[in-house]
Engineer: 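Below you'll find the structure I mean.
The shown structure was predicted, so the numbers you read here are calculated from the model rather than taken from an experiment. Heavy-atom basis, side chains included; hydrogens, waters and symmetry copies ignored. In what follows, every chain begins at residue 1, and chains take the letters A, B, ... in the order their sequences are listed.
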Amino acid sequence: MSSATASPVSTAAAKAAAPSATALTTIDAILADLFARLGNRQDQLLPVLHGLQDSAGYIPPERVPEIAQHFNLSRAEVHGVITFYHYFRSEPPPRCVIQLCRAEACQSMGADGLLEHAERALGCSLHGRSADGTFGLEPVYCLGQCASAPALTINEAVFARVTPARFDALVADIANVDNNSREAV
Amino acid sequence: MTTRIWVPCDSAALAVGADEVAAAIAAQALQRGLDILVVRNGTRGLLWLETLVEVETPEGRFGFGPVDAADVPALFDAAWSPDHPLALGLVEQIPYLARQQRLTFARVGIVAPDSLDDYLAHDGYRGLRNALAMAPAEIVAAVTASGLRGRGGAAFPTGIKWNTVLKAPGSEKYIVCNADEGDSGTFADRIIMESDPFVLVEGMTIAGLAVGATRGYVYVRSEYPHAIARLEAAIALARRHGYLGVDVLGSGRAFELEVRKGAGAYICGEETALLESVEGKRGIVRAKPPLPALAGLFGKPTVINNVLSLATVPIILDKGAAYYQDYGMGRSRGTLPVQLAGNIKQGGLIELAFGATLREILYDYGGGSASGRPIKAVQVGGPLGAYLPESQWDTPLDYEAFAALWAVLGHGGIVVHDDRADMAKLARYAMEFCAIESCGKCTPCRIGSTRGVEVIDKIRASSQPPQLTQHIVLLRDLCDTMLNGSLCAMGGMTPYPVLSALNHFPQDFGQADTSKHAA
Ligand SMILES: Cc1cc2nc3c(=O)[nH]c(=O)nc-3n(C[C@H](O)[C@H](O)[C@H](O)COP(=O)(O)O)c2cc1C
Ligand code: SF4
Ligand code: FES
């Protein structure tokens, strides 16, 4: 990675690394707000689950009974919905979720090699977490960046034409952001 | 005088650093005391040139690309001279763009996606104004006469679908836009939503008027947060200016629109699974009949169409059915927004009248593989589409011509693989993807896909001809069962990539190559 391209990478990585602020701190408050705003028609179940995951980072399994009651559904039904969709998490995510595209267009441009590189760099395998718990490595099937493959996301920010060197730079920048914010505290 | 400089804000550009380029341009302009306005347009779809920066000149918009933030000071030093190594000439004259027929994508890359004024200044909402003066049956007749067929995969005539919904009894009807775009190699829906979102809003509003629906939903996959944000902003702006709401443009007719976010399930692109998902359930495929047109969302008559189908409606209503119908070949009328991706030098969005050949796309537009190695196979139509060997690249892009090859055009995605591709591995991936994404309702798909992975693993591991032959017979049997016994195309079409790989590239499955000479 030449220093000439380091600056765009670090701004973008900082964006990816920025924790999303939320005014509603407790899950009680988050759910109460969602229930009040979205009502209890069943077609609002996915919007409620999205809202909860957006604010809390995941859908705590112990909240399933409460959600089921709100929608007048059985716990099994709500559990069934949560587990059907790959996007919903039942555990808190790591601070940085890296999703590597595993689909065909990215495969044709070296996605397998990039995955191997990422696994080595982070010391974990796909679906796993780095030793310090900062990074999680997950598969995703197409990000709509197939003409600029291979692609990945870090939290919600998307990166394309990712070489192993660019991957290392992104990860290093996030680690730097983390160190800086630790110093600032 | 202010000079405008355009820097795309489509995620294809953001993913390679466009925000940083825009910031660098603004900073340099300030530092040098230059009167420059940075405008954020959508993408032109020349994706290998992103970030493609355009500078206003008396002759038109002059392009530079691919620009990295680090290139910006030197571009200013050179006063954005046409002699700079990154200079591309007038953007509209770049052959890749100039040779296209942009109808659905007419405004894409030109306008700022957050500007309703820009949309209106570039022929926006003319289709809706015409539609408001027409009877519902006339609107449906225009869409039918245009020859438009669904761009989401199945290529069903859009006007005929709308007519069923128009005729269906019921006061409550819905328009649902399928923006799940899960196919690898496709990004045209995403570009519409991020680079010209108003055209989709307008198309859905016209659909509502045509069939008597007052409410629409856009189901967008969760992998597309930028598209969701753009679309929500466009809907809010359209509502504020009276293009949506209880009284669309003072016509007394109502239309409301809402975005619903998917949750990472490929099968929710299948129309009935999508409806289940909008209703708050698991995305399990429904048996047909009833057709969604008669009993769709919440059991009501529902138009469900792909993003591109709906985004093409405004130009049909603006310029007339004949104008659109004039493009194309055979029963494939109008244009196909081709998405060229994978191992290709010049990947991007290429909207062309039906009839161009794959070879033209791959070489005249694509410039060959990105790696510089020979192209081995192209997969057309997403993960359920067939792999085509070189002997088939002179096939015209036409629904019927592809069907005759036992292949599909689908959503128009083309993924290129060079000669290092292992077709047995790609066939295995097709089975694996089906196993991961199957909704689980029927056995051939749910179990068959997992068995398929196992059999292909055995094929790849075996060196003994008798065993190998046995496994291949088994794989063909399994594909047969999936083809004939699956409820939807997930299980029903996974055999397309698998069998096409096996038939055209037997050497990758350890068999003697018999196809080379035939080709
Ligand atoms: C497994 C599967 C996935 C599909 N994914 C999509 C998709 O992502 N987008 C889409 O528009 N159509 C998709 N379809 C096709 C839809 O079922 C349906 O045909 C389409 O939404 C109809 O719209 P159209 O007539 O405008 O093409 C998929 C079908 C299947 C079987
Ligand atoms: S073919 Fe697969 S995805 Fe389609 S209904 Fe059957 S199990 Fe579900
Ligand atoms: S296949 Fe990776 S972004 Fe589409």
Side-chain angles (χ1 to χ4, degrees), chain A residues 2-12 15 41-50 53-54 71 73 77-78 80-88 99 101-110 112 139-149 151-153 156-162, chain B residues 11-12 14-17 19-21 23-24 47-48 50 68-70 181-187 189-190 222-227 260-266 277-283 298 339-344 347-349 370 379 383 413 415-418 421 426 429 433 436-437:
Chain A
S2 73
S3 62
T5 51
S7 79
V9 167
S10 45
T11 339
K15 211 170 22 177
R41 239 175 53 159
Q42 188 177 345
D43 69 297
Q44 295 295 350
L45 175 57
L46 262 73
V48 162
L49 296 175
H50 272 299
Q53 183 160 308
D54 287 349
F71 285 103
L73 296 168
E77 277 171 295
V78 174
V81 168
I82 294 168
T83 51
F84 180 85
Y85 294 99
H86 301 299
Y87 182 83
F88 294 130
Q99 294 192 317
C101 177
R102 305 289 304 132
E104 291 92 334
C106 286
Q107 287 180 37
S108 79
M109 288 299 281
D112 286 351
V140 70
Y141 297 92
C142 193
L143 295 162
Q145 303 295 341
C146 333
S148 318
L152 59 79
T153 61
E156 290 239 302
V158 56
F159 301 90
R161 292 185 208 141
V162 183
Chain B
S11 67
L14 301 183
V16 293
D19 275 350
E20 291 71 28
V21 172
L47 298 179
W48 79 100
E50 294 293 3
D68 190 88
E181 196 167 63
D183 290 359
S184 167
T186 65
F187 42 80
D189 296 353
R190 182 185 65 64
S222 53
E223 290 85 347
Y224 282 0
H226 288 283
R260 286 298 173 88
K261 187 171 162 183
Y266 178 76
S277 186
V278 176
E279 290 180 6
K281 301 170 191 159
R282 294 181 298 149
F298 308 121
Q339 300 128 84
L340 185 56
N343 197 327
I344 190 82
L349 187 286
Q379 187 178 27
V415 176
V416 179
H417 294 269
D418 75 12
L426 286 166
Y429 173 80
F433 183 70
I436 296 170
E437 298 296 341

Engineer: Tell me, for B:Leu349 versus chain A, whether the close heavy atoms (under 4.5 Å) come from the side chain, the backbone, both or neither.
Structural biologist: neither
Engineer: With chain A as the partner, which of B:Ala263, B:Pro225, B:Ala24 has the greatest number of non-hydrogen pairs under 4.5 Å?
Structural biologist: B:Ala263
Engineer: So which atom in B:Ser222 and which in A:Tyr87 form the shortest heavy-atom distance, rounded to 0.1 Å?
Structural biologist: OG-CD1, 3.4 Å
Engineer: For A:Phe84, is there any backbone N or O sitting under 3.5 Å from a side-chain donor or acceptor partner on B:Arg282?
Structural biologist: no
Engineer: Which atoms of A:Val81 come close to chain B, meaning under 4.5 Å heavy atom to heavy atom: side chain ones, backbone ones, both, or neither?
Structural biologist: both
Engineer: Name the region of B:Thr186, side chain, backbone, both or neither, that has any atom closer than 4.5 Å to a heavy atom of chain A.
Structural biologist: backbone
Engineer: What is the minimum heavy-atom distance between B:Val278 and A:Asp43, and which atoms define it?
Structural biologist: O-CB, 3.2 Å
Engineer: Could you check which of B:Glu181, B:Glu437, B:Arg190 has the highest count of heavy-atom pairs closer than 4.5 Å to chain A?
Structural biologist: B:Arg190
Engineer: Taking side chain as C-beta onward, heavy atoms only, is A:Glu156 less than 4.5 Å from B:His226?
Structural biologist: no
Engineer: Tell me, side chain or backbone of B:Asp189 under 4.5 Å from chain A's heavy atoms, or both, or neither?
Structural biologist: neither
Engineer: For A:Leu46 and B:Lys261, work out which heavy atoms get closest and say how close.
Structural biologist: CD2-O, 4.3 Å
Engineer: Shorter than 4.5 Å, heavy atoms on both sides: which option in B:Pro383, B:Ala23, B:Ala370 has the most such pairs with chain A?
Structural biologist: B:Pro383
Engineer: In terms of heavy-atom proximity below 4.5 Å to chain A, should B:Ala12 be classed as side chain, backbone, both, or neither?
Structural biologist: both
Engineer: Any side-chain heavy atom of B:Lys281 within less than 4.5 Å of one from A:Glu77?
Structural biologist: no
Engineer: Quick check for you: to the nearest 0.5 Å, what is the distance between B:Asp418 atom CG and A:Met109 atom CE?
Structural biologist: 9.0 Å
Engineer: Identify the two heavy atoms, one from A:Tyr85 and one from B:Ala265, that lie closest to each other, and give their separation to 0.1 Å.
Structural biologist: CD2-CB, 3.9 Å
Engineer: Is there a side-chain contact between A:Arg41 and B:Glu279, using heavy atoms and a 4.5 Å cut-off?
Structural biologist: no
Engineer: Which bit of B:Leu426 is near chain A, if near means a heavy-atom gap under 4.5 Å: side chain, backbone, both or neither?
Structural biologist: side chain
Engineer: Which pair of non-hydrogen atoms, one from A:Gln44 and one from B:Arg260, has the smallest distance, and what is that distance?
Structural biologist: NE2-NH2, 3.3 Å
Engineer: Looking at B:Tyr224 and A:Gly144, what are the two nearest heavy atoms and their distance?
Structural biologist: OH-CA, 3.6 Å
Engineer: Check whether the ring centres of B:Phe433 and A:Tyr141 lie less than 6.0 Å apart, and answer yes or no.
Structural biologist: yes
Engineer: Backbone N or O of A:Cys142 within a donor-acceptor pair of the B:Ser184 side chain at under 3.5 Å?
Structural biologist: no
Engineer: With heavy-atom distances below 4.5 Å as the criterion, would you say the side chains of A:Cys146 and B:Val415 are in contact?
Structural biologist: no
Engineer: Given that the side chain runs from C-beta out, which part of B:Glu50 has a heavy atom under 4.5 Å from chain A: side chain, backbone, both or neither?
Structural biologist: both
Engineer: So which part of B:Phe298 gets closer than 4.5 Å to some heavy atom of chain A, the side chain, the backbone, both or neither?
Structural biologist: side chain
Engineer: For the interface with chain A, which of B:Ala227, B:Gly347, B:Gly185 has the highest count of heavy-atom pairs at distances below 4.5 Å?
Structural biologist: B:Gly185
